[in-house]
Amino acid sequence: MPVERTWLALAIAAALALVLALAVTALVALIVRLAARKTKWPNALIRRARVPFRLFLLVVFLWSAVSVTLPDGDWLPAVNQAFLIVTIAIGAWLLCALVLFLEDVALVRYTIDRPDNRIARRLRTQVLILRRLAMVVVVVLALGAILLTFPGAQAVGTSVLASAGLVSIIAGLAAQSTLGNVFAGMQIAFSDAVRVDDVVIVEGEWGRIEEITLTYVVVHIWDDRRMVLPSTYFTSKPFQNWTRRNSELLGSVEFDLDWRVTPGEMRSELERVLARTELWDQRVSVLQVTDAVGGFVRVRILVTAVDAPTLFDLRCFIREEMIAWLYRSSPQSIPRQRVRVIDEEPDIARRAHAGDPDASGLFHGDRDADRRATLFTGPIETAGRDERRP
């Protein structure tokens, strides 16, 4: 039986569509809330998808009512196209909300606010990259679907597809850098080379990985600056990752001290210093003399901590305590610069002058020495033939 297309029928159909949308929304909400009593994920689903789900149901039911009861006229195709565009847009919004919900479910069990969080940081990095990639794909597909609802865009799309080879080559050359960063971002996410909250040294700066996107990485530097680097930086240049496998680190504190230092007493004081702090994780505590040249004794202390910030604080604490102990209990160990000045003795200086009768040597200093010197510098006397005969 055909439905009468009048304005009264349109109003009644629109009211029924609104009531039906509210009824379906209430039924789904009741089911989800009952499920939320046993588990927590339905609450996340309600928080993320409640608004776009209700709007999507309302638009779909209204579109069905309007398409059946709207009186015939020139406006009917335009109204159907408008409803189609709105449905595509709200559907894309609902899909993005579901992607965010899946992210919440995937990350709820893996938090990074605990000491051993390497697996959690890896999964968080991968999930964040996948979320951004999925949302980009959803938005691009939604925009493409909306453009294809226009008749002129369909003709343009056909011509573009016909020349897809040339267009893809031009686009690839024009967006070579951008595409390289996108693929580098995906490589970072799944190669596990760097993760969110990793401690890294890049460009000589110490910081933590704050954000990883498809095209760039944000490093939160220790003094609250942000360094934004392209994703290709972490796939083409070397960098230091202090939390690649675990967060425990070994650090050193070095002193240049006087030769009168007593390493045994320093070692005992180090034990007392470490016993007073919770920064030390009790894994390694070593004091060694690593060098003794150039007028100083190099003393190195090796200690460990649970992570990089704790290790930095521990090194500063040890340095302060050991300096205070040196001034208080071992002042002779404080480094000093020594200069020894020797005056030349007068007798030695006087004897160094030529003609000193007390000086003696092989070719100078006395008369015998001078005579020996003349044998090498004076004329050589030779005996005559008659003198040579016996």
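Residue numbers run from 1 in the order of the sequence given.
The pair R225-E205 counts as a salt bridge, with a side-chain nitrogen and a carboxylate oxygen less than 4.0 angstrom apart. Between E211 and R226, none of the side-chain N atoms (NZ, or NE/NH1/NH2) sits under 4.0 Å from a carboxylate O, so this pair counts as no salt bridge.
Counting only distance, with no hydrogens or angles, the side chain of S268 and the backbone of G264 share a donor-acceptor pair below 3.5 Å. The backbone N or O of S252 sits less than 3.5 Å from a side-chain atom of R315, completing a donor-acceptor pair. T277 places no side-chain N or O within 3.5 Å of a backbone atom of L274 that could act as its donor or acceptor partner. No donor-acceptor pair under 3.5 Å is formed between the side chain of R195 and the backbone N or O of A193.
Looking at V86 and I90, their side chains come closer than 4.5 Å, going by heavy atoms from C-beta outward. The shortest side-chain heavy-atom distance between L229 and F234 falls under the 4.5 Å cut-off. Between Y233 and Y216 there is no side-chain heavy-atom pair separated by less than 4.5 Å. Between F255 and M322 the shortest side-chain heavy-atom distance falls below 4.5 Å. Within the 4.5 Å cutoff, side-chain heavy atoms of I301 are placed close to those of L270. Considering only heavy atoms from C-beta on, L311 stays 4.5 Å or farther from T304 through its side chain. Put simply, the side chain of L84 reaches to within 4.5 Å of the side chain of I88, judged on heavy atoms. Counting heavy atoms from C-beta outward, L302 and V253 have side chains that stay 4.5 Å or more apart.
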Please list, one pair per line, the donor and acceptor atoms closer than 3.5 Å that link side chains of residues 284-292 to other protein atoms, with sequence neighbours excluded.
none

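A donor-acceptor contact closer than 3.5 angstrom links the side chains of W242 and Q240. Side chains of D258 and S333: a donor-acceptor N/O pair is absent below 3.5 angstrom, by distance only. Between D307 and T310, the side chains place a donor N or O and an acceptor N or O closer than 3.5 Å (distance only, hydrogens not considered).
The two atoms that bring P331 and S329 nearest to each other are CD-C, 3.5 Å, heavy atoms only. Taking each heavy atom of P335 and F296 in turn, the nearest pair found is CB-CE2, 3.4 Å. Taking all atoms of both residues into account, the shortest heavy-atom contact from D197 to R208 is O-NH1, 3.2 Å. Taking each heavy atom of A49 and A97 in turn, the nearest pair found is CA-CB, 4.1 Å.
A chain of hydrophobic side-chain contacts below 4.5 Å, direct or via other Ile, Leu, Val, Met, Phe, Trp or Tyr residues, connects F239 to I209. The hydrophobic cluster containing L62 also contains L55, counting ILVMFWY residues as joined when their side-chain heavy atoms lie under 4.5 angstrom apart, directly or transitively.
With rounding to the nearest 0.5 Å, the separation of CG in L22 from CZ in F61 is 10.0 Å. Rounded to the nearest 0.5 angstrom, L58 CG and L18 CG are separated by 6.0 Å. To the nearest 0.5 angstrom, H220 atom NE2 is 9.0 Å from W206 atom CH2. In this structure, CZ on R336 lies 4.5 Å from CZ on R260, to the nearest 0.5 angstrom. Rounded to the nearest 0.5 Å, atoms OG1 (T262) and CZ (R267) are 10.0 Å apart. Annotation: the span from L314 atom CG to W280 atom CH2 amounts to 9.5 Å, rounded to 0.5 Å.
Taking the six-membered ring where the residue is Trp, W63 and F83 present parallel rings, their angle staying beneath 30° rather than reaching 60°.
Partners of F312 according to the side-chain contact (heavy atoms from CB on, under 4.5 Å) rule, which considers only residues two or more places apart in sequence or in another chain, are C316.
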